[in-house]
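Just so it is clear, the structure is predicted and the values come from calculations on it, not from any experiment.
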Amino acid sequence: MKGAGSLSLVLFLISFLLRGISGAAESLQKIRVGLPSLALTYMPFYVAQEKGLLKKSGLEAEYIQMNTGIQPQAIIAGNINFFPSLSTGISAAVAGLPLVVVLNFYEITPWMLVTTKEINKPQDLIGKKIAISGIRTSPHYFLMAWFKKVEISDKDVGFIMTGGTASSFASLASQQVAGAVLTPPFDDKAVTRGFKKFALVGDLVDIPTSGLIASRQEVANHRDRVQKTIAALLDAVTWIRANRVESVRMIADKFKITSAEAERTYETYVSMFNKDGRLPPKVARGYLDLLRQERPVPADLDSQKLVDFSMLPGGK
C-alpha cells in the first residue's frame with residue numbers, strides 16, 4: 001500500500017508538471033511577420049527570434065518570406081500580423097488600407113549606389129541597367145532623386161526589379177547590371193569583390209525605413225500582442241548595442257562576409273538607430289510630399305494619423 005501511495009504521488013507530480021509545461025506553451029501568443037529578404041535593417045527581428053526575446057515577451061513568431069508589394073494585402077487578409085517596411089505601409093495607408101506605423105527603428109538609412117569600376121561619372125550609366133528592389137520602393141525613390149540631382153533622365157537607364165537587397169547584390173555580383181542600390185553589408189561586400197561605392201543616395205529624400213506596420217484592427221483588438229512585439233524588438237535593439245562582439249559574429253555569419261567587413265557594417269548599423277522608436281513628423285511629411293508627385297494625396301492629410309506610438313515606452 002505504501003508503495004502504491006508513493007507511485008500515485010509521483011504520477012500526480014509528473015501530471016502536474018506536464019500540465020504546467022503545456023500551459024506555458026499554450027500561453028505563447030502566435031504572430032506572423034512578413035519579411036521580403038535577408039537585410040541588415042531587419043536585424044532586430046533576427047535577434048528577437050534567435051535570442052529568445054520574443055518568447056520572453058510571451059510570443060511565438062513565424063517569419064514568412066514574401067515580396068514587399070503583397071505584404072499590405074497579406075495583413076488585411078490575416079495571413080500575417082506585421083511587416084517591417086514603413087514606406088510600403090504608409091503608401092498603402094494613403095491608398096486607403098487601414099494600416100498604421102507602430103514602431104520605427106532608424107534615424108537614417110545609408111542606401112548606396114554601387115557600380116562597376118568602369119562607371120566614372122553619372123552619364124556612364126546611360127544605356128546601362130541598375131538593380132533595385134522594385135518600383136516605388138526606397139531604392140527606387142532614392143535613385144530617382146539622384147537622377148534629378150545629376151540631371152539624368154530615368155528613361156535613359158534600365159532597371160532590374162529584384163525583390164530585395166540581397167537579390168540586387170546578386171545581380172551586381174553576377175554582372176547582370178552596371179550598378180545596384182544597396183545597404184550595408186552588401187555595399188562593403190561588393191567593394192571587396194571589386195565594385196565601388198559610387199554615390200550615397202540615402203540622404204536625398206525623406207523616406208521611412210524599417211520598423212513595424214500593423215493593421216488598425218490588430219491594434220484595436222490585440223493591443224497586448226502588438227505591445228509585446230514592440231517590446232521584444234526594442235529589447236533586440238538594446239541587445240545589439242550592448243553585444244558588439246556577438247553582433248559582429250551574427251552579421252558575418254548571416255551575410256557571409258569577413259570579420260573586417262562585419263566590423264565596419266556594425267559601426268554603420270549602430271549609428272542608424274533612433275532614440276525612441278518614433279518616426280519624426282518631418283520624415284512622414286516629406287514622404288507624403290514624395291507620394292504626391294505620383295498620385296493624388298489630400299493636401300490636408302495629417303501624417304500623424306498614419307502612426308500610433310502609444311504602445312511605445314512612455315507612449316500616450
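- Note on Val191: it does not cluster hydrophobically with Phe169, by side-chain heavy-atom contacts below 4.5 Å among ILVMFWY residues.
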Kindly determine whether Leu306 and Val94 satisfy side chain to side chain contact (heavy atoms under 4.5 Å, CB included), including the steps that lead there.
-> CA-CA 8 Å; Leu306 304 174; Val94 169; 4.2 Å; yes
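- Gln71 places a side-chain N or O within 3.5 Å of a backbone atom of Met66 that can act as its donor or acceptor partner.
- Judged purely by atom type and a 3.5 angstrom limit, Asn243 has no side-chain atom pairing as donor or acceptor with the backbone of Val245.
- Ring planes of Trp146 and Phe198: perpendicular class, angle over 60° (limits at 30 and 60°).
- Remark: Ile108 CD1 to Ile207 CD1 distance equals 14.0 Å, nearest 0.5 Å.
- Around CD of Glu62, the count of heavy atoms belonging to other residues, nucleotides or ligands within 6.0 Å exceeds 12.
- Annotation: side chain of Phe83 is in contact with side chain of Leu99 (closest heavy-atom distance under 4.5 Å).
- Distance alone, capped at 3.5 Å, places no donor-acceptor pair between the Thr109 side chain and the Trp111 backbone.
- Side-chain contact between Leu40 and Pro185: present, with at least one pair of heavy atoms (C-beta onward) separated by less than 4.5 Å.
- The minimum heavy-atom distance between Asp206 and Lys282, with the atom names listed, is OD2-NZ, 3.0 Å.
- At least one side-chain heavy atom of Phe105 sits less than 4.5 Å from a side-chain heavy atom of Leu233.
- Proximity of a side-chain donor or acceptor of Arg292 to a complementary backbone N or O of Tyr287 within less than 3.5 Å is not detected.
- A donor and an acceptor atom, one from each side chain of Ser215 and Gln217, are nowhere located under 3.5 Å apart.
- Between Ser138 and Ser87, the shortest heavy-atom contact is OG-OG, 3.6 Å.
- Using a 4.5 Å heavy-atom threshold, the side chains of Ile240 and Tyr269 count as touching.
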Go through the steps for Val102 and Met311 under the test side chain to side chain contact (heavy atoms under 4.5 Å, CB included), then give the verdict.
-> CA-CA 7 Å; Val102 296; Met311 290 163 287; 3.8 Å; yes
Verdict with reasoning, Leu182 to Leu172, per side chain to side chain contact (heavy atoms under 4.5 Å, CB included) = CA-CA 10 Å; Leu182 306 174; Leu172 181 65; 4.2 Å; yes
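- In this structure, Glu107 CD and Asn274 CG are separated by 5.5 Å, a value rounded to the nearest 0.5 Å.
- The side-chain contact (heavy atoms from CB on, under 4.5 Å) test with Ser91 is passed by exactly one of Leu291, Thr137, Leu288: Leu291.
- Two residues are said to be in side-chain contact when any heavy atoms from C-beta on lie closer than 4.5 Å; Pro184 and Glu261 fail this criterion.
- One finds no salt bridge joining Lys128 and Glu118 here, because no Lys/Arg side-chain nitrogen approaches an Asp/Glu carboxylate oxygen to under 4.0 Å.
- Glu267 has a carboxylate O that lies under 4.0 Å from a charged side-chain N of Arg244, or vice versa, which qualifies the two as a salt bridge.
- Salt bridge Asp154/Lys148: absent, no basic N to carboxylate O contact under 4.0 Å.
- Within the 4.5 Å cutoff, no side-chain heavy atoms of Ile75 are placed close to those of Leu97.
- When all heavy atoms of Phe159 and Leu143 are compared, the pair lying nearest together is CE2-CD2, 3.5 Å.
- Electrostatic pairing of Asp289 and Arg285 does not count as a salt bridge here, judged by no charged N lying under 4.0 Å from a carboxylate O.
- Atom CZ of Phe273 and atom CE of Met43 lie 8.0 Å apart (nearest 0.5 Å).
- With hydrogens and angles disregarded, a donor-acceptor distance shorter than 3.5 Å links the side chain of Thr162 to the backbone of Ile132.
- Within a 6.0 Å sphere centred on NZ of Lys196, heavy atoms belonging to other residues, nucleotides or ligands number more than 12.
- Once rounded to the nearest 0.5 Å, the distance linking OG of Ser259 with CG of Asp253 reads 8.5 Å.
- Of all the heavy atoms in Lys129 and Val177, the pair that sits closest is O-CB, 3.3 Å.
- Relative to the ring axis of Phe255, Lys189 does not place its NZ or CZ within 45° and under 6.0 Å from the centre.
- A donor-acceptor pair under 3.5 Å links the side-chain atoms of Asn104 to the main chain of Arg278, judged by distance alone.
- Atom OG1 of residue Thr88 and atom CD1 of residue Ile70 lie 11.5 Å apart, to the nearest 0.5 angstrom.
- Tyr141 places no side-chain N or O within donor-acceptor distance of the main-chain N or O of Val205, the cut-off being under 3.5 Å.
- Note: Thr115 OG1 to Leu125 CG = 6.5 Å, rounded to the nearest 0.5 Å.
- For the pair Val47 and Leu53, the minimum side-chain heavy-atom distance is below 4.5 Å.
- Closest approach of Gly211 and Phe45 over heavy atoms only: O-CZ, 3.4 Å.
- Crowding of Lys254 atom NZ: a count of heavy atoms from other residues, nucleotides or ligands under 6.0 Å exceeding 12.
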Just do the side chain to side chain contact (heavy atoms under 4.5 Å, CB included) check on Lys55 and Leu59 with the steps written out, would you?
-> CA-CA 5 Å; Lys55 285 191 175 180; Leu59 300 170; over 6 Å; no
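- When all heavy atoms of Gln123 and Ile152 are compared, the pair lying nearest together is N-CD1, 3.9 Å.
- Side-chain contact between Leu86 and Ile213 is present, with at least one heavy-atom pair separated by less than 4.5 Å.
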